[in-house]
Amino acid sequence: MKAFLEKDRLIPFLNTLSRQIEVIAPLATEAGAVYSTWQGQPLDLRSNPLSPPTEFLLPHKETLFRYIQESGRYTFKEDSIPPRLLFAIRPCDLHAIALLDRIFGSEPSDQAYFRRRRATSLVVLNCTNRGDECFCACLGAGPEAQDPCDLEITDIGDGYLCQAETPAGVLILQAAFNLLQPAQLEHDQEKARRLQLVEDAMPRDRSYHQIRQAIERADWVALGQECLGCGGCSFVCPVCHCFNILDRGVPDGERLRCRDSCILSGFSRLTGGANPRRTAGQRLRHWYQDKFEDLPKITGLPGCVGCGRCHLVCPAPIDRSDLKVESREAKI
Ligand code: SF4
Ligand code: SF4
């Protein structure tokens, strides 16, 4: 099902949806675009937020279940997961969600992840404008959505071409049917024209094989001397998914899952203090090896979607395409 939504009807469209379901959208804030619950705030659909939408599927901290002890026996209780709609996520982040589905879907599958995933509808905004650091086309992740979603929308100038991909997507359009117009052939043509312009402007020098070669020739000692070990690259990456488990409370309490990162010095530290990845260079190399060697073996896909966030957030003078130390002036 296809339809056309004029731009001045976007807010009424979201108002209609938000009366039925929590809508998470990129909001305009002083700190830039941020995914958060939309309640009428100004939107920022021009830039991809630095914090990825995957944190609504794999939060920085979540309660997996609560445990209650009574007469020596434990009972377990899971919190309910409210239905949500992730609105205007980018094709690269959609590709990251497809990767996370494969990672958490390998047996035994991760029930906590899939409880959130099943409760979440995905509306993807195809990229008709690209960020300076984006290289999604090198990795088959964009600028047009390549992976399953419920509804695909494309900015074609005076409005959005909307295409439902699933029954949930059809329901989303039907909920606001009075705001939509029939899609026309010229809408499809304008969509194709705009996406081709973005595709043509994409860098082509960061393919999977080119990055693998950069990993092989990189000087990890020199790169490690520049890395501050802040974990920023990992926490903004939509594909990174390391976590820690801890139980809080005795005899009653909750089991928590908290995000962690292999780039942090304590991640691989063993009891007694030994650490197989003692230096920042070893940890950075492992981070890249996981994305470009280990995850492709498990999922069949590179563990990077070319969103460019790790470059944007990194305070160190590291060229993340060539994996070289860059001049400090280049970073400013
Ligand atoms: S490694 Fe960097 S460019 Fe690739 S998906 Fe993660 S944050 Fe984006
Ligand atoms: S963001 Fe940069 S400085 Fe921070 S851990 Fe990653 S590579 Fe190191």
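Heavy-atom basis, side chains included; hydrogens, waters and symmetry copies ignored. We're numbering straight along the sequence, starting at 1. Order of listing sets the numbers, starting from 1, for every ligand and every atom in it.
- For atom 2 (Fe) of ligand 2, the closest heavy atom belonging to the protein is Cys314 SG, 2.3 Å.
- Follow the hydrophobic side-chain contacts under 4.5 Å out from Val250 and you never reach Leu64; the two are in separate clusters.
- The protein heavy-atom contact nearest to atom 1 (S) of ligand 2 is Cys233 N, 3.3 Å.
- Heavy-atom separations between Trp287 and ligand 1 include at least one value shorter than 4.0 Å.
- For Phe292, no heavy-atom contact with ligand 1 is shorter than 4.0 Å.
- Remark: the Ser109 side chain and the Gln111 side chain contain an N/O donor-acceptor pair separated by less than 3.5 Å.
- Within the cation-pi definition used here (under 6.0 Å to the ring centroid, within 45° of the axis), Arg212 does not qualify as a partner of Phe292.
- Ion pairing between a basic and an acidic side chain is recognised when a charged N comes within 4.0 Å of a carboxylate O; Glu190 and Arg194 show such pairing.
- One finds the CZ atom of Arg84 at 9.0 Å from the CG atom of Leu57 (value rounded to the nearest 0.5 Å).
- Separating the OH atom in Tyr67 from the CZ atom in Arg255 is a distance of 7.5 Å, to the nearest 0.5 Å.
- In this structure the side chain of Phe13 never reaches within 4.5 angstrom of the side chain of Ser18, judged on heavy atoms.
- Atom 4 (Fe) of ligand 2 has as its closest protein heavy atom Cys230 SG, 2.2 Å.
- Protein N/O/S atoms found under 2.8 Å from atom 8 (Fe) of ligand 1: Cys307 SG.
- The nearest protein atom to atom 3 (S) of ligand 2, hydrogens excluded, is given as Leu228 N, 3.2 Å; this is a heavy-atom distance.
- Every atom of ligand 1 with a heavy atom of Lys291 under 4.0 Å away is listed here by number and element: 1 (S).
- Electrostatic pairing of Glu199 and Arg204 counts as a salt bridge here, judged by a charged N lying under 4.0 Å from a carboxylate O.
- In this structure, atom 8 (Fe) of ligand 2 lies nearest to the protein heavy atom Cys227 SG, 2.3 Å.
- Judged by the 6.0 Å and 45° rule, Lys7 forms a cation-pi pair with Tyr160.
- Put simply, CD on Glu216 and CD on Gln213 are 9.0 Å apart, with the number rounded to the nearest 0.5 Å.
- Here Arg320 has no heavy atoms under 4.0 Å from ligand 1, in either its backbone or its side chain.
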